[in-house]
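One structure is given here, and the rest of the page talks about it.
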Number of protein chains: 2
Amino acid sequence: MSHTKKYTEVALHALKEKGYRITKPRRLVVEMLNTSDIALSAYEIRDRLEAEGEKVDKVSIYRILECLEENHLIHRVLMTGKVRKCQLEDEDHCHLNQADHCHHLLICEQCGFIEEVHCPGMNRIVQQVAEDAQFTVKSHHLEFLGLCQKCNSPHHKKTAAN
Amino acid sequence: MSHTKKYTEVALHALKEKGYRITKPRRLVVEMLNTSDIALSAYEIRDRLEAEGEKVDKVSIYRILECLEENHLIHRVLMTGKVRKCQLEDEDHCHLNQADHCHHLLICEQCGFIEEVHCPGMNRIVQQVAEDAQFTVKSHHLEFLGLCQKCNSPHHKKTAAN
DNA sequence: TTTGTACTGCAATATTATTGCAATAGTAAA
DNA sequence: TTTACTATTGCAATAATATTGCAGTACAAA
């Protein structure tokens, strides 16, 4: 689900706490991701902003995304492959300086809708795998591909969410 | 671990069964992936082949990778992001026409070494998530990032596997 | 061998991402 | 408020990655 407008300010404020400036381009990008139910690539963000009459250079968008990602305010969706797609963290995941970020995503192949989910048993699996393979696991990323409830229903219309 | 040389023939033969031709470029690409402990991008494959005195056009490599991927002989490593990296399936995973392909990968951030692992509890998690979110899960992808045993040891040398 | 066509290689082009630098605009302090 | 510092942006150029169309090649079956 898309975040509240207020969350944009929360995210920007978190950045400011760390010494970053709150600029118009940053606000626009965060706001855009904030209100989108689907992940967006850098170019998609630029195009959507342009459609709204806001011009932000693609280079700036890349740099803004990099900044947001470094500070764990967004993360990439990997299944979709070639483009760098991002979405805001869930509110309860939004903690700067948080060490272990694990992302469990449901991704609808039909409409692109993305939702974060909680996976109760994952910790145990992580521990088990790490032990078996003598591997130090620092983070993990789990994505489920399939059909969301809406697209799965017999009456679904083929529209992209948001 | 890298696959046996014989496995290259197994993979190529699996393709032939499906009506594909066994060509020199295909054999070279499969062989290259076969003997590499780390995932490779299209351009990396081309460069390595060139270093061996074998010339295969990048376009052909893209098309070969596409073919191999469609037939589940290789799959992409997503965590590494922007490049399309591939590696051969584990032998016991190599079944054409297999419906559900789930990839559980250990990825060493230091040396790039990649290993497939078995995750005993995953099925239950998949079912649980699907039920909770009313989502039809068709496939999933799980990747662990961290340090392999070798790179984690105090005596490790910073070299790329293979 | 011969023959049909799957496949490759080349050229051109599209898409995505990065770098350096001058101009701009947040922000803190005066 | 105004000033001054500098983080950040936008532009231009370029690099890296990926795709398309088509003519020529080489697999594989007969």
Side-chain angles (χ1 to χ4, degrees), chain A residues 8-9 11-32 39-50 52-71 73-86, chain B residues 8-9 11-32 39-50 52-71 73-86:
Chain A
T8 299
E9 301 309 320
L12 289 171
H13 213 75
L15 277 184
K16 186 161 188 186
E17 290 296 300
K18 299 199 77 176
Y20 294 92
R21 292 180 180 173
I22 300 179
T23 65
K24 194 180 177 195
R26 277 185 184 148
R27 168 167 274 121
L28 286 169
V29 170
V30 171
E31 184 76 36
M32 172 61 66
L40 302 170
S41 69
Y43 281 84
E44 285 170 343
I45 292 170
R46 189 194 56 170
D47 293 345
R48 288 188 175 208
L49 286 176
E50 201 151 303
E52 291 178 0
E54 302 287 356
K55 174 136 178 53
V56 180
D57 192 80
K58 64 177 183 298
V59 176
S60 299
I61 294 192
Y62 276 109
R63 290 194 273 227
I64 288 168
L65 292 179
E66 191 181 1
C67 165
L68 294 173
E69 193 175 21
E70 274 173 3
N71 290 282
L73 288 168
I74 61 171
H75 61 88
R76 301 187 191 193
V77 174
L78 303 176
M79 289 302 285
T80 43
K82 56 194 172 187
V83 287
R84 175 182 185 171
K85 292 183 173 277
C86 306
Chain B
T8 298
E9 301 308 320
L12 290 171
H13 213 77
L15 277 184
K16 187 162 189 187
E17 290 296 299
K18 299 199 76 175
Y20 293 93
R21 290 180 181 174
I22 300 179
T23 66
K24 194 180 176 194
R26 276 186 184 148
R27 169 167 275 119
L28 286 170
V29 170
V30 172
E31 184 76 36
M32 173 61 66
L40 302 170
S41 69
Y43 281 84
E44 285 170 342
I45 292 170
R46 188 194 57 169
D47 293 345
R48 288 189 176 208
L49 286 176
E50 202 150 302
E52 291 179 1
E54 301 288 356
K55 174 135 179 53
V56 180
D57 192 82
K58 64 178 185 298
V59 176
S60 299
I61 295 194
Y62 276 111
R63 290 194 272 228
I64 289 168
L65 292 179
E66 191 182 2
C67 165
L68 294 173
E69 192 175 21
E70 274 173 2
N71 290 282
L73 289 168
I74 61 170
H75 61 88
R76 301 188 192 192
V77 174
L78 304 176
M79 289 301 285
T80 44
K82 54 194 171 185
V83 287
R84 175 182 186 170
K85 291 183 175 276
C86 306

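Below, read A as the first sequence line, B as the second, and so on, with proteins coming before strands; counting in each chain starts at 1. Computed from a predicted structure; not experimentally measured.
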Next on the checklist: If the cut-off is 4.0 Å, is A/Thr23 near the phosphate of D/dT9, judged by side-chain N/O to OP1 or OP2?
Outcome noted: yes
For nucleotides 10-12 of chain C, give me every protein contact, N/O to N/O, under 3.5 Å, one pair per line with atom names.
none

Whole angstrom value for the distance that separates [atom2] of [N] from [atom1] of [X]:
X       : N      : atom1 : atom2 : result
A/Lys24 : C/dT27 : NZ    : P     : 15 Å
B/Leu65 : C/dC7  : CG    : C1'   : 15 Å
B/Leu15 : C/dA6  : CG    : C1'   : 13 Å
B/Arg27 : D/dA26 : CZ    : P     : 16 Å
B/Arg46 : D/dA18 : CZ    : C1'   : 12 Å
A/Leu12 : D/dA7  : CG    : P     : 19 Å

Terminal axes of the helix from C/dT1-D/dA30 to C/dA30-D/dT1 (5 end pairs apiece), angle rounded to 10 degrees, sit apart by 40°
Ranking D/dT17, C/dG9, C/dA17 by distance to the side chain of A/Tyr62, first place goes to C/dA17
Closest of D/dT8, C/dA28, C/dC7 to the B/Tyr20 side chain is C/dC7
Rounding to 0.5 Å, atoms NZ (A/Lys16) and CZ (A/Arg21) come to a distance of 10.5 Å
To the nearest 0.5 Å, atom CG of B/Asp47 lies from atom CG of B/Leu40 at 10.5 Å
Nearest heavy-atom contact between A/Ile61 and A/Ala42 is CG2-O, 3.7 Å
On a heavy-atom basis, the closest approach of B/Thr8 and B/Arg27 is CG2-O, 4.3 Å
Does a distance-only test, which skips hydrogens and angles, find a donor-acceptor pair under 3.5 Å between the side chain of B/Tyr43 and the base of D/dA18? yes
Requested in this report: Mark yes or no for a side-chain to base donor-acceptor pair under 3.5 Å between B/Arg21 and D/dA28, with no hydrogen or angle criteria applied.
Outcome: no
Test side chain to side chain donor-acceptor pair (under 3.5 Å), reference B/Asn71, set B/Lys18, B/Glu66, B/Glu17, output is B/Lys18
**Request:** Could you check whether A/Ser60 gets within reach of a base, just the sugar-phosphate, or nothing at all, counting any heavy atom under 4.0 Å?
**Result:** base
